[in-house]
Protein chains: 2
Amino acid sequence: MSFTYKYPRPAVAVDMVIFGYDTKKLRVLLIRRGIEPFFDCWALPGGFVNPDESLDDAARRELAEETGLDQIFMEQLYSFGSVDRDPRERVISVCYYALIDLLGTTPKGASDAAEARWFNIDDLPTLAFDHNEILNFSLERIRGKLSYQPVGFELLPRLFTLSQLQRLYEVILGHALDKRNFRKKLMKMDLLLATDEYETNVSHRAAQFYCFDRPKYQKLVKEGFAFDL
Amino acid sequence: MSFTYKYPRPAVAVDMVIFGYDTKKLRVLLIRRGIEPFFDCWALPGGFVNPDESLDDAARRELAEETGLDQIFMEQLYSFGSVDRDPRERVISVCYYALIDLLGTTPKGASDAAEARWFNIDDLPTLAFDHNEILNFSLERIRGKLSYQPVGFELLPRLFTLSQLQRLYEVILGHALDKRNFRKKLMKMDLLLATDEYETNVSHRAAQFYCFDRPKYQKLVKEGFAFDL
DNA sequence: ACAAAAGTGTTTTCCATACACCCATGC
DNA sequence: GCATGGGTGTATGGAAAACACTTTTGT
């Protein structure tokens, strides 16, 4: 079976920058390529867009194939379209990034035979194609975003302590934050709901669990509320 | 001549949201479609990506075709890829927006026979395809961007008065700004160069002309400077 | 002289930052 | 009782916002 067109067409792929967080480090999921070009190189997971799925659907499908996870925060990043980014032929890549909590959930490895691994964000190999560029771009984006939107909640279990949240911000931003000021700011945002649950079995004062006020957040987003961290 | 592939491929287009500003209103350049579907409807200018040009190149080419202008501020916005956004066949549209000063320059109409017109931003017709959605999206983006980057300079002549700059901000943001505070903030950014030229033939005190310190701006962008308006 | 826009400073309020100690718990 | 991280308040500096009058020019 084959498909014929009057004009040449680029292939269209989605590539995924999948961030994972595990209380210590920010990680990215990479796969080892099993075919040329860049055989054996690490690369961002991705694939071609099917005719019957939207770009978002394609991205969500890739994400599910690689991680087994659904219902994950995901956002379109940018489309890369240099003529020679793929040596074989013209490929336009629409890139997405996703954020995954590596604690509360257990993402499976890639479904296809290809080897998949979580890499520490500041210890990355040279990647296939222009994937290093894409990765840097998405890292800048997530850091920028974190500063004015409470993106981080996607990377934590439903219930979390303020210290967990602060560590998350510190890991993503790459620098320490003042505990008291961090709490003040977050409380002022008024998007955290204190629960009556506390940590157990810790050898220090038990921290209170909070959860994220999703309805309120979505209302604010709709109204164009400007966050500010 | 025809082109055959093993798998079906979407067509890839670039669509342009071209903003223009003329001291009173923010406008968008639309073209009237001469073919089905949406015959006679207004639509965003755009076209298919050629095999030998990058996405940015394609966007720049479209921009030049529609306006005759080169060297214009332009930025990728988002890629739209719903399955049914074009009733004929699958088309993925990579969208860009551009900003044009309608005073200092005189953009020609569209080069092809199609009718082209500048529409007031708050008096828009129903557009072809998902183009209303795309336009709203880009309007939000430009407003957001204005708040933390001095984007507005792209929409003014090389020499401009502070009042002109303020009017521009007010028109795009859609609300009034305090004159003294506006000047203080802009001066503190240190990106304006006062010239020794003044308005002439105005029936009030002549305003001083300023120009934008482009080298300094580009330096700051490279260093990741955060603006804040 | 008056209309019309340019230009200019001060005060107040609020937010960001810096900073140090007591509290609860497990061992 | 000690080690560990949880939790809290205050003082200071700087930016943002509010606000009104004088200057210049053409008619």
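In the text below, chain A, chain B and the rest are named by the order of the sequence lines, each starting its count at 1. The structure displayed is predicted, hence computed values, not measured ones.
Residues of residues 192-199 of chain A having a heavy atom closer than 4.0 Å to DNA chain C: none are found.
A close approach under 4.0 Å does not occur between any side-chain nitrogen or oxygen of B:Arg180 and OP1 or OP2 of C:dG9. Here B:Lys185 reaches the OP1 or OP2 of D:dA17: one of its side-chain N or O atoms lies under 4.0 Å away. Between D:dC19 and B:Lys179, no contact under 4.0 Å exists linking OP1 or OP2 to a side-chain N or O.
Separating the CZ atom in A:Arg158 from the CG atom in A:Asp101 is a distance of 13.0 Å, to the nearest 0.5 Å. Of the inter-residue distances, the one linking B:Cys95 atom SG with B:Asp15 atom CG reads 5.0 Å to the nearest 0.5 angstrom.
Between B:Glu75 and B:Lys145 there is a salt bridge, since a side-chain N of the basic residue sits under 4.0 Å from a carboxylate O of the acidic one.
Candidate nucleotides D:dG7, D:dC19, C:dT17 were compared by shortest atom distance to the side chain of A:Ala207, and D:dG7 ranks first.
C:dA6 atom P lies 14 Å from atom CZ of B:Phe160, rounded to whole Å. When the P atom of D:dT23 is taken as reference, atom CD of B:Gln208 falls 18 Å away, rounded to whole Å. For the pair B:Met187 CE and D:dA15 P, the computed distance is 17 Å after rounding to whole Å. One interatomic measurement links the two molecules: OH of A:Tyr210 to C1' of D:dG6, which rounds to 10 Å at whole-angstrom precision. What separates CE of B:Met189 from C1' of D:dA15 is a distance of 15 Å, to the nearest Å. C:dG7 atom C1' lies 15 Å from atom CG of B:Leu165, rounded to whole Å. The distance from atom CG of B:Asp178 to atom C1' of C:dT12 is 14 Å, rounded to the nearest whole Å. D:dG9 atom P lies 12 Å from atom CZ of A:Arg183, rounded to whole Å.
In this model, a side-chain donor or acceptor of B:Asn181 finds a partner on the base of D:dA18 within 3.5 Å.
Judged by the 6.0 Å and 45° rule, A:Arg167 forms no cation-pi pair with A:Tyr169. For the pair B:Arg33 and B:Trp42, the cation-pi test (distance below 6.0 Å, angle within 45°) is failed. Geometrically, B:Arg180 does not engage B:Phe182 in a cation-pi contact defined by less than 6.0 Å to the ring centre and at most 45° from the axis.
Across all strands shown, B:Thr161 has no heavy atoms under 4.0 Å from either base or sugar-phosphate atoms. Counting non-hydrogen atoms under 4.0 angstrom, A:Lys184 reaches a base of the nucleic acid.
Ring orientation note: the planes of A:Phe212 and A:Tyr217 are tilted relative to one another, at an angle of 30° to 60°.
One N or O on the side chain of B:Glu199 and one on the backbone of B:Ala207 form a donor-acceptor pair closer than 3.5 Å.
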If you restrict it to nitrogen or oxygen atoms, what contacts under 3.5 Å exist between nucleotides 24-27 of chain C and the protein, and what is each distance?
| residue | atom | partner | partner atom | Å |
| --- | --- | --- | --- | --- |
| C:dA24 | N3 | A:Arg205 | N | 2.9 |
| C:dT25 | O4' | A:His204 | O | 3.4 |
| C:dT25 | O2 | A:Ser203 | O | 3.0 |
| C:dT25 | O2 | A:His204 | N | 3.3 |

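Within the 4.5 Å cutoff, the side chain of B:Thr161 has no heavy atoms near those of the B:Tyr210 side chain.
Each salt bridge (Lys or Arg N to Asp or Glu O under 4.0 Å) pair with one or both residues in residues 118-138 of chain A, not counting sequence neighbours, appears once here: A:Arg85-A:Asp130.
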